[in-house]
Each structure stands twice: as structure tokens, then as C-alpha cells.
Colleague: 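Here's a structure for you.
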Amino acid sequence: MYKVTMLAVLLAGALNAQAAMVYTGDKIDGHPVISKLDVDDLQAGKVYRFMFQGASNGIGQHWYVPVLVAKGATPGPKLGLQAAVHGDELNGIRVIQQVFEQLNPAELKGTVVGALGANPTGMLANNRNWQVPTDGGYTVDFNRIWPGKEKGNPAEQQAWLLWNNLWAGNANLFVDMHTQSTGTEYPLFIYADYRNPQVKKMAELFPADQIKADPGEKGTVETTFVEQKIPAITLEIGQPKLYQPELIARSLTGVRNLMVDQGMTPGKLGATAKEQKTYIGNEMTSIRAEMGGFAEVLVKVGDSVVKGQKVAVQRNAFGDILREYTATQTGKVLAIGNDPLRESGALLVRILFTNPDAKCADGC
Ligand SMILES: [Zn+2]
């Protein structure tokens, strides 16, 4: 009896030693501040709200990321959701809120973690980039520097903290939610690394308008996860600085489908890529302004275009035509520049298409 008790005590001690939730002792608006999340260390069958302590700033304070955690009653997959890595890309915030509004931890198998605004500096500045005020200021694209650096600039430190202390061990499936940039527009669109069959399956559980089979881009959240063999997609939800209810609803259906497919939640699959008749391409091309001027884009997102079709005109302030632009490929309009004021190099029209070359099967 004594031996059994001692064993239980030792075992409990060992488990405690592994437990890795770190509470700083602070509270913000009543929510506990954490500097490390370990979902295995939380009580099952509950939903938690935390403020995750991120990088410090020039006035000696921290940036915080609100985090929701649903720990299911029984163990299972660990789904990670993140919004606003780019600060002006906000539809994903509402998607994550709705995922948690609909969750019932008593019937959830596994855990769901949602980070509601990974880049607070960009969110406050209406800008995609991480804002660094030092020496007059500079900005960092916060989706090109993952997994960050412990001793890097503030953006790199924020990525390092999120990667190591929020996501490591707490996600084995990941959806990073974006939109197009300010002045441009996507439909509901997914970048997915089709070389990984789990990623392909994950992407096609979403009733998106378009999917790009894509080898990924170094330094993005999605590619950083995929390199660690954790299936991840970049979900592009329409336009920046807006809530778009129809695209939010379809994103929610996709996340729920993912959970049903993984056995995390009971129920049937909703609409997937099959029902949505999602256009899946393996290459894209961008038609960009060759000079500054006011652009009139003649096509809409989702339109089919043929090579040679006129897709945009650019005028000077008096209305004289400066340039006309034609489609460089036959395919679907994936994105447009919807802000008429276009500098040289600015996006006018992006076309998603299918390159028949075998080497492009999983994305070029
Ligand atoms: Zn983005």
C-alpha cells in the first residue's frame, strides 16, 4: 500500500515537472497572462481565455495576444488557428470567435487553440507589417520571418515566442488566416502544399473558391509548420479591413469539416471543395502596373479570363489612357487591385491557372 502511494506521489511529481504552463502572475482585463502554453497541463472539458505575453516594445511593455483554448473532455488532435499575422487582415478574427462560440468542450475530442491577433502592432497601424518605431521607424513583413529569432528584432522575437511558447507541442494541424493586402482583394482562397497529401486533404475540406497547389514560401507560418511535418494551410479570406459574413461562414464550415474529419467533434461534413466546385490551379501570374496612374480593372475576382483578354486600363489624372493590360494566361482571376491609385509594380490582376507540365503537378 505504502509503495503504491509513494509511486503515485513520484509519478505525480514527474508529471508536474513536465507540466509547462507558465503564468506570469499578471492579469489583463481579468484574464491570466501566460508566457508559455501547454494544453496537456490544462484541465479537460473546459474553455480558457489567456493573454499570451509576446515581444517587448520601446516603452518597456509587452505586446499581448489574446488566446482561446478549448480542452476537450477526451484526448485527440490538436488544432491551431491563428489570425492577423498581417495586421490589416481581420476576417479570421471573426472566424476563430465563431469556432469557439460553437464549440462544446464536453463533446470535443482533442484541443483547439485560437490566437486572435498575432501582430498587434500592425493591427493598430492598419498595416500588414510589424511596426518598429526605433530610429524613425521601419516595418517587417511578419509572415516572412518564422520561426523567428530569440535575439532578433521585435518581429522576429514575437515570432520566436509564438512558435516556441504558444504553438510548440500544442498544434498538430494548423490554419493560418489571412486576407489580401490593403488595396487588393481575394475570394476565399487557400495556399496548400500539395506535396503533402494530408495538406491537400485538409485544403479540400474547405468550400473555398480557389486553391493554389503551392510549394510554400520560406519564413511563412504555413511553410514553417509544414517543414516540421505539421499539416498547415494559409487561408486567405477575401479583403482586408472588413468582416465579410459569407466568406467567414464558409471558413467556419471548413474548420468544422476539419474537426469532423479528425473525429474531434460529432456530426456530418458540410460543403467541401467538391460541392463548392473549387477551382484548383498549380501556378499563378500577376499583371502589375508598369507605371503610376489610376487603374480601372475590368474583371472581377472569380471571373474566367482568356489569354490576350483586356483586363485593366490605366489613366492619368485627365483621363487619358496611359496603358492597357491583357491577360497573360487563360485561367481564373484570383486577385485584383481594387484601389484605383496604383504605383508602378502594384498588382492589377492575378490569374490562377493550370500548368500542364508534370513538374508543376504539385505547384509551380
Ligand atoms: Zn497575409
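Atoms within a ligand are numbered from 1 in the order they appear, just like the ligands themselves.
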Colleague: What's in the same ILVMFWY side-chain cluster as Phe318, cut-off under 4.5 Å, chained through other members?
Modeller: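 Phe318 shares its hydrophobic cluster with no other residue.
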Colleague: Would you please classify the geometry between the Tyr48 ring and the Phe50 ring as parallel, tilted or perpendicular, with 30° and 60° separating the classes?
Modeller: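 The arrangement is parallel - the two ring planes meet at less than 30°.
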Colleague: If the condition is side chain to side chain donor-acceptor pair (under 3.5 Å), which residues does Glu296 pass it with, not counting sequence neighbours?
Modeller: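 Only Arg315 meet the side chain to side chain donor-acceptor pair (under 3.5 Å) criterion with Glu296.
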Colleague: Please report, to 0.1 Å, the donor-acceptor pairs under 3.5 Å made by any side chain of residues 235-242, with sequence neighbours excluded.
Modeller:
unit_1, atom_1, unit_2, atom_2, d
Glu236, OE1, Thr179, N, 3.4
Gln239, OE1, Asn338, ND2, 3.3
Lys241, NZ, Asn126, OD1, 2.4

Colleague: Could you tell me how the ring of Phe225 sits relative to the ring of Trp167: parallel (under 30°), tilted (30 to 60°) or perpendicular (over 60°)?
Modeller: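 Ring orientation of Phe225 relative to Trp167: perpendicular.
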Colleague: Could you point out which residue of Gln314, Glu290, Arg288 forms a side-chain hydrogen bond (donor to acceptor under 3.5 Å, both in side chains) with Tyr325?
Modeller: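 It is Gln314, the one option of Gln314, Glu290, Arg288 that forms the side-chain hydrogen bond (donor to acceptor under 3.5 Å, both in side chains) with Tyr325.
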Colleague: What number of protein N, O or S atoms occur at distances under 2.8 Å from the Zn ion (ligand 1)?
Modeller: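 Considering protein N, O and S only, the Zn ion (ligand 1) has 4 within range.
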